[in-house]
Structures are given as structure tokens and as C-alpha cells.
Amino acid sequence: MKNTLLILISILMVVFSILAMTSEGYDYAAEKLYYRAMKAYEKIAARPNTAMPKKLDYVERNLQMIISRYPKSNVVEDAHLSLAQFHLGNQSYTEALNVLYDIINTYDNTVLLCQAHFLRGTVFEEQGQWDKALREYTILRDKYKDTPLALGMPLYIADYYKEEEDYGQAQQAFGQAVQFYTKVEKEERGTARGYASANLLIRAYMELEQYEEAGREVENTIKNYPKLLPLMQQVPNIDRIFIKKLNNIDKAIELYRSMKLKTNDHEFLGLIDEKIKALEAQR
Amino acid sequence: MSYNIRKNWLASFDLMVTKPIILLPFFIVAFLEGLALEVIYYFPRRPLADIFTPIIRRFFGPAYLHYPQNLILLPELFHYAQIAIYIVFGIFLAAASVNIFKELKNNRLPQTATVVKNACSRYIAFFIFGVIVFCLISLLKRADTFVYGKAFSRIMELVSVELNLERVSQLLLKFSPFVFTSFLFISNIILQTFLVLTVPLMIIEEKSFIRALFRSIAQGARHFLTIFKLIFLPFSVYLPIILLKTDSVRLINKTFPEINLYILILGIFLAVFVECFVIVSASQFVLDNKK
């Protein structure tokens with residue numbers, strides 16, 4: 001029995017050794033390093049004030065190892081971006097900018113490059129260099145205009161001016177946002193991007209206090225995107241614009257009635273009926 | 001006269017300690033499971049990835065081809081391998097163990113060739129029995145899921161809506177997977193109460209498969225509490241492993257992904273002794289009843 005057991009255990013060990021030696025795990029090894037680095041980084045991010053230098057070194061070292069030893073792995077782009085975010089989180093702005101510069105010059109993945117430009121803009125903002133940040137956001141908006149991140153840039157820039165209480169610049173930026181979103185919505189009408197642009201356009205009009213135009217855009221959105229989710233998302237817009245700002249209850253009821261014709265969802269129809277009832281009582 | 005379970009356990013334990021040859025078939029099962037686990041552990045890496053990638057991508061999704069998701073999938077894949085090993089080799093090797101038990105009880109030295117020959121001669125019956133047990137366990141799991149689902153919904157409704165006990169309902173949700181696993185565990189033992197004597201009856205009383213199966217069910221009904229108690233405690237040793245496997249994702253998040261592998265290895269090791277103890281106890285019960 002002892003001999004049999006020894007033979008069985010030996011076979012298991014030999015098979016394990018053969019598999020360990022012959023297994024080509026280039027991507028797997030990189031994924032493992034990345035997971036461990038991110039796990040450690042999560043813990044640091046949860047309690048940044050108690051982060052020990054050893055733990056910070058561990059994260060940076062692992063990410064650097066992926067970039068240097070596994071440059072063709074499937075996680076190298078994520079590792080590179082995470083390294084930039086890590087430096088940004090540690091307020092090591094020079095290192096962050098250097099890593100982002102490397103990313104922009106090394107890769108051609110559009111999504112990654114968008115994020116890299118956005119992060120560069122964020123770093124410049126943190127350093128109080130708004131003109132440089134604006135340059136990055138403008139590159140993002142113009143060069144990578146088909147990406148979701150780029151779509152949010154006009155409003156992001158306008159919001160910056162609003163927060164800085166530079167109302168003149170903010171008005172100008174919101175105006176540019178209106179032009180941008182009007183163009184995109186027209187070009188991409190009927191698509192998810194078109195719908196996203198329509199919503200951002202409504203918001204831009206609201207910021208400019210052009211409520212009639214905002215209301216018109218809500219009406220167009222209901223007409224052009226007659227699916228359940230877009231319709232549901234326009235309900236708060238109808239309340240905010242037609243009832244609270246324009247005090248046009250009739251128009252609000254008309255829009256709710258037009259919504260009812262575009263859906264069969266019982267729960268949503270019930271909600272619309274309640275809204276119409278409440279508005280009719282208010283009239 | 002009530003059956004002395006303690007005496008049975010002591011006799012079974014004594015036999016396993018003094019004649020460890022009876023454990024050998026279960027060590028062979030553990031070896032096969034260990035081999036399967038090794039292959040499954042290395043599936044995301046070439047050369048095994050060349051075979052496994054299309055299968056994993058088709059049935060589970062491409063995310064499980066990467067670390068650490070492959071380790072989250074590990075217990076499920078291993079479970080399928082265990083089912084295959086159980087049906088093809090498990091019952092056959094358990095029968096070999098019962099053969100060894102029979103020889104030892106007749107004060108004869110078990111001869112490997114004889115034991116294997118006796119087990120092989122009825123391999124088809126053991127294979128069919130393995131398939132039947134697997135089908136019954138699958139049906140039981142579905143029934144349990146249905147019953148538990150209904151009961152749990154009702155309890156949650158009572159606690160959160162009628163009694164408005166927010167904290168209690170949160171705790172119930174948190175521990176629900178473990179409660180369900182325990183419920184399934186006990187159901188499986190109840191099922192085993194009716195089936196566990198089949199192989200010992202086939203070997204010790206030399207009954208045909210169908211007769212042994214029906215007699216096992218009849219004995220299970222007649223001596224339900226005795227057989228249930230006989231096998232419940234040994235199987236309970238395995239329960240912590242089963243509970244650890246239940247919430248493996250949360251466990252991985254709290255510890256590290258390789259913990260799944262270590263739990264499975266521990267499970268394989270424990271199963272050798274648990275399964276052997278149960279089959280020896282069941283065989284002892286059959287022998288005592290025969291007298």
C-alpha cells in the first residue's frame with residue numbers, strides 16, 4: 001500500500017512539474033501581477049492616510065514590471081494607465097505626466113489614448129495650469145470625437161468655467177457646447193450617440209437658461225427616440241422644464257400623452273396616467 | 001433492539017486504522033481527482049489553453065480565460081470532473097473497498113487481482129448506479145432550489161414587509177447561500193440514507209444490482225433514523241469545505257484567488273477518509289443485519 005501511494009503521489013508531482021514547466025503563461029503571469037498590484041492599490045485608496053511606503057513601492061514595482069517584462073501582454077495598456085493614475089493619486093504629477101506621455105507615444109488604442117489625454121488634462125488642472133488642461137481636452141474633443149469621453153468634453157469645459165465663477169467664459173463655452181451637440185445629434189440621430197448628444201444638448205440649454213429651446217429639444221428627443229428607456233429619462237426633463245420653468249402644463253400633458261402612444265409597458269403607462277391626472281387637477 | 005451506531009463507528013474506525021489497505025481505492029479516486037485538478041488549474045495556459053479555450057469561451061465566457069476569474073471557475077469545472085470520475089471509477093472503486101472489507105472480515109488477506117476481478121465483473125451495474133445517483137442528486141437539487149426559493153421568499157416577505165425588521169432581513173439575505181447549502185447537504189444525506197447500502201449489499205450479500213438497490217431503499221425506509229445518524233456525522237466533517245465553496249467569490253475578495261485551489265485540495269484529501277468511513281460503516285451495518 002505504501003509503495004502504491006508513493007507511486008501515485010510521484011505521478012501527481014511529475015505531472016504538476018511537467019505542466020508547470022511546459023505551460024506558456026505570458027499573459028497569465030502579467031494578469032497575476034496586475035491583479036496583485038490593483039488589489040494592493042485598492043487597499044491604499046481606501047485608506048490613503050495610512051498607506052505605508054512599502055505598499056506604495058509594491059504597487060509601483062509590480063506595474064513597472066508588467067510594462068518592462070510583458071510589453072506585449074493583454075494587460076500592459078491597463079497597467080500603464082493604472083501607473084499614471086497611481087502617480088496622480090500620490091500627487092506625483094511629473095511622474096504621472098511622463099507616464100501619460102509614454103502612453104500617448106506608444107499605443108494606438110483610441111480608448112486608451114482618450115483616457116491618457118483626459119488624465120493629462122486632470123493633472124494640469126491639479127497643477128492650476130488650465131490653459132494646458134484645456135489644450136488636452138480640446139485634443140480629446142476634436143481628435144477622438146467618436147468616443148464617449150470626447151462627447152462629454154464641451155460641457156466639462158463649460159462646467160469648469162462655471163465653478164470658477166468665470167460666467168462670461170462659461171456662457172461662451174455653453175454656447176459652443178450647444179453648437180457641438182446640435183451637430184452631433186443631427187449627424188448621429190437614431191443612434192445611442194445621437195441620444196446622448198440630445199440629452200447633453202438639453203442640459204446645455206438649461207445652463208444657458210434657454211428653456212424654450214430646451215423644451216423643444218425634449219419634444220424632439222421624445223419623437224426621435226421612441227423607446228422605453230429614453231422616454232422614461234425624459235419624464236424629469238418635462239417636469240423641470242415645462243412645469244417648473246415654463247409653467248406650460250398643457251404642453252407637459254400633450255407630451256405625456258404622446259409618450260403613451262409610443263410604449264406598451266404597463267408600469268410606465270400607469271406612471272404617465274398618474275402624472276397626467278395630477279397635472280389636470282392642477283390646471 | 002436498537003442498533004448500536006457507536007459500536008459500528010468504533011469498529012469502522014478500528015478497521016481503517018489497523019487495515020489501511022481499505023483506504024487504497026479511495027486514494028486512487030483522490031489521485032484521479034488530483035490529476036483532473038492539475039489539468040483544470042493549468043487550462044488558461046498553453047498548451048492546455050489550445051484545447052480548453054474554445055470550450056470555456058463557449059460555455060462560460062471569455063472572461064474566465066484570465067486570472068483571477070479562472071480560479072473562480074475552478075470549483076465548478078472540478079465539480080464536473082468529479083461527476084465524471086464518480087460515475088466511471090468512483091462506484092467501482094468503492095465496490096473494491098467493500099470487497100476488501102468482506103475479505104478482511106472473513107479473516108482473509110485481500111488479493112488485488114481477486115478484488116479487482118470481482119469489482120470488474122459487475123462494472124456495468126456500478127456504472128449504471130453511478131448514473132442513477134447523479135440523476136437523483138441533480139433532481140434533488142432542482143427540487144430543493146424550488147422549495148427553498150418559495151420558503152425564503154415567504155420568510156423575507158414576513159420579515160421585511162409584515163414585521164418590518166430591516167436588520168433581520170439583511171442578515172437573512174447575507175446568510176441565505178449558506179442556509180441553502182446546508183439545506184441541500186441534509187437533503188443529500190437523506191437521499192444517501194436510501195442508497196448507501198446498495199454497493200455493500202451487492203458485494204456482501206451477493207445480490208443483483210436491482211435487488212440490492214430495492215433492498216437498500218427498503219432498509220433505508222425501515223431503519224431511516226439509524227442509517228441517517230450513521231452517515232450524517234461522518235459526512236458533516238465535509239460540510240465546512242462545502243460551505244467555503246459556497247461563497248468563493250467573497251472569500252477570494254477577502255483573501256486571495258488561489259484559496260479556491262487549496263480548499264479543493266483539502267476537500268480531496270478529506271473525502272478519502274470520509275467516503276471510506278461511510279462505506280465501511282454501511283458495510284458493517286449490512287454485515288450486522290445479515291447476522
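Here is the naming used below: chain letters follow the sequence lines, and residue numbers restart at 1 for every chain. Scope of the values below: all heavy atoms of this structure, side chains included, with no hydrogens, waters or symmetry mates.
With no hydrogens or angles considered, no side-chain donor-acceptor pair links B/Tyr67 and A/Asp27 at under 3.5 Å.
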Legend entry - Criterion side chain to side chain contact (heavy atoms under 4.5 Å, CB included) on A/Val75 and B/His66, from CA distance to verdict: CA-CA 10 Å; A/Val75 292; B/His66 305 283; over 6 Å; no
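You'll find the side chain of B/Asn70 reaches within 4.5 Å of the side chain of A/Tyr28, heavy atoms only. The shortest side-chain heavy-atom distance between A/Met13 and B/Glu38 does not fall under the 4.5 Å cut-off.
For a residue to count as touching a neighbouring chain, one of its non-hydrogen atoms must lie under 4.5 Å from one of that chain's; by this rule A/Leu12 touches chain B with backbone and side chain alike. Of the atoms belonging to A/Tyr35, it is side-chain heavy atoms, and not backbone ones, that fall under 4.5 Å from chain B. Within the 4.5 angstrom heavy-atom criterion, no atom of A/Ala30 approaches chain B. B/Glu258 touches chain A through its side chain: at least one heavy atom from C-beta onward sits under 4.5 Å away, while N, CA, C and O do not.
In B/Asp50, the CG atom is crowded: over 12 heavy atoms of neighbouring residues, nucleotides or ligands sit closer than 6.0 Å. Other residues, nucleotides and ligands place more than 12 heavy atoms under 6.0 Å from the CZ atom of B/Phe178. The environment of B/Phe13 atom CZ is sparse: at most 12 non-hydrogen atoms of other residues, nucleotides or ligands sit within 6.0 angstrom. Within 6.0 Å of the CZ atom in A/Phe268, the count of heavy atoms belonging to other residues, nucleotides or ligands exceeds 12.
Taking 4.0 Å as the cut-off between side-chain N and carboxylate O, B/Arg45 and A/Glu31 do not count as a salt-bridged pair.
The OH atom of B/Tyr42 sits 8.5 Å away from atom OG1 of A/Thr22, with the distance rounded to the nearest 0.5 Å. Taking CG of A/Leu8 as the start and CG of B/Leu24 as the end, the distance is 7.0 Å to the nearest 0.5 Å. Atom CD1 of residue A/Ile9 and atom CZ of residue B/Phe31 lie 10.5 Å apart, to the nearest 0.5 angstrom.
Judged purely by atom type and a 3.5 angstrom limit, A/Lys39 uses its side chain to pair as donor or acceptor with the backbone of B/Asn253.
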